[in-house]
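Each residue takes its place number in the sequence, starting with 1.
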Amino acid sequence: MHLIVSDIHGSAEGIRLVQSAAAHFEAEGIISAGDQCPDPAFDCFFSSLIAVRGNSDRFYEYFNTPFPPLSRELELYGKRIVITHGHAASPEDFDLRKGDIFISGHTHVPCLYEENGVVFCNPGSPSRPRSSSGPTAAALSEEGVFLFSLLDFSTLKAIRFSRS
């Protein structure tokens, strides 16, 4: 399983919540849709992220961590994953196909839905949430994608992959 986060904004509490979720779910890795805004104290954590650059990341020094790209494409669990922050690119900027997963952040509002066979996920924010759900994140596994509360790990919404 991989955690999906966004908009940490260098918050020590946000980092603590993400680390707690990573331990709880025994995450293999962490995908970040930008606005990490790292602090030198978090260097070891940020260097392990599969990350893209958010609009606020341009104001921060990444120290020993390579500056992340604006978008990434990778394959996990047999799915093509497209990651961008959402401030400079939208889903229309990518050749999304049935079975793909599009991950973005920027709004600090969690959402998870499927349209034309493409799963769209915004994990919300662990440090500056803008919804009544509070601090949130998402997780991706072979079975599907789910949004959850970082306070009690309760599932807010889930999309299961079909076994075809």
Q: Consider only side-chain N and O atoms of His106 and His85, and report whether a donor and an acceptor are under 3.5 Å apart.
A: yes
Q. Residues two or more places apart in sequence or in another chain: which of them pass side-chain contact (heavy atoms from CB on, under 4.5 Å) with Glu142?
A. Tyr77
Q: For Ser149 and Leu151, indicate whether the former's side chain and the latter's backbone hold a donor-acceptor pair under 3.5 Å.
A: yes
**Q.** Interatomic spacing from CD in Glu28 to CG in Leu76 - rounded to 0.5 Å
**A.** 8.0 Å
Q: State yes or no: do Leu96 and Leu74 share one hydrophobic cluster built from I, L, V, M, F, W and Y residues joined by side-chain heavy-atom distances below 4.5 Å, directly or via other members?
A: no
Q | Residues clustered with Leu70, ILVMFWY side-chain links under 4.5 angstrom | A | none
Q: Scan for salt bridge (Lys or Arg N to Asp or Glu O under 4.0 Å) pairs involving residues 76-88, sequence neighbours excluded, and state none if there are none.
A: Glu73-Arg80, Arg80-Asp100
Q) Is a side-chain donor or acceptor of Arg53 paired with a backbone partner of Pro68 at a separation under 3.5 angstrom? A) yes
Q: Under the side chain to side chain contact (heavy atoms under 4.5 Å, CB included) rule, what do Leu140 and Ile101 come out as? Steps first, then yes or no, please.
A: CA-CA 10 Å; Leu140 169 67; Ile101 300 170; 3.6 Å; yes
Q: Give, for atom CD1 of Ile31 and atom CD1 of Ile50, the distance between the pair rounded to the nearest 0.5 Å.
A: 5.0 Å
Q) Taking atom CG of Leu156 and atom OG1 of Thr136, what is their separation to the nearest 0.5 Å? A) 7.0 Å
(Q) If the condition is side-chain contact (heavy atoms from CB on, under 4.5 Å), which residues does His108 pass it with, not counting sequence neighbours? (A) Asp7, His9, Ser125, Arg128, Arg130
Q.
Using the side-chain contact (heavy atoms from CB on, under 4.5 Å) criterion, which residues pair with Ser20? Sequence neighbours excluded.
A. Phe153
Output a table of donor-acceptor pairs, distance under 3.5 Å, between side-chain atoms of residues 109-120 and any protein atom two or more places apart or on a different chain; print 'none' if there are none.
none

Q) Going through the checks in order, is the side chain to side chain contact (heavy atoms under 4.5 Å, CB included) test met by Phe148 and His24? A) CA-CA 12 Å; Phe148 64 93; His24 177 81; over 6 Å; no
(Q) Run the side-chain hydrogen bond (donor to acceptor under 3.5 Å, both in side chains) test against Ser133 and tell me which residues pass, sequence neighbours left out. (A) none
Q: Might you point out which heavy atoms bring Asn122 and Gly105 nearest each other, and give the distance in Å?
A: ND2-O, 3.0 Å
Q | For the student: nearest non-hydrogen atoms of Ile30 and Ala22, plus distance | A | CD1-CB, 4.3 Å
Q. Which atoms form the tightest heavy-atom contact between Leu17 and Pro126, and what is the distance?
A. CD1-O, 3.5 Å
Q: Could you tell me whether Glu26 atom CD has more than 12 heavy atoms of other residues or ligands within 6.0 Å of it?
A: no
Q) Between Phe102 and Leu3, is there a shared hydrophobic cluster once you connect ILVMFWY residues whose side-chain heavy atoms come closer than 4.5 Å? A) no
Q | Which residues share a side-chain contact (heavy atoms from CB on, under 4.5 Å) with Ala88, sequence neighbours left out | A | none
Q. Under the ring-ring contact (aromatic ring centres under 6.0 Å, His included) test, which residues partner Phe161, sequence neighbours left out?
A. none
Q: Please report the closest heavy-atom contact between Ala33 and Ser104, naming both atoms and the distance.
A: CB-C, 3.7 Å
Q: Can you tell me which residue pairs pass the salt bridge (Lys or Arg N to Asp or Glu O under 4.0 Å) test with a partner in residues 11-20, sequence neighbours excluded?
A: Glu13-Arg16
Q. Distance from His2 atom NE2 to Ile103 atom CD1, nearest 0.5 Å?
A. 10.0 Å
Q | Pairing residues for Ser141 by the side-chain hydrogen bond (donor to acceptor under 3.5 Å, both in side chains) criterion, not counting sequence neighbours | A | Glu143
Q) For Gly134 and Pro129, which heavy atoms make the closest approach, and how far apart are they? A) O-CB, 3.3 Å
Q: I would like to know whether Asp35 and Ser6 meet side-chain hydrogen bond (donor to acceptor under 3.5 Å, both in side chains); could you show each step before the answer?
A: CA-CA 6 Å; Asp35 279 358; Ser6 187; over 6 Å; no
Q: Please collect all salt bridge (Lys or Arg N to Asp or Glu O under 4.0 Å) contacts where either partner lies in residues 82-95, sequence neighbours excluded, each pair once.
A: Asp95-Arg97
**Q.** Joint cluster assignment, Phe146 & Val18, ILVMFWY side-chain distance < 4.5 Å
**A.** yes
Q) In the single-linkage hydrophobic clustering (I, L, V, M, F, W, Y; side-chain heavy atoms under 4.5 Å), do Phe94 and Ile4 co-cluster? A) no
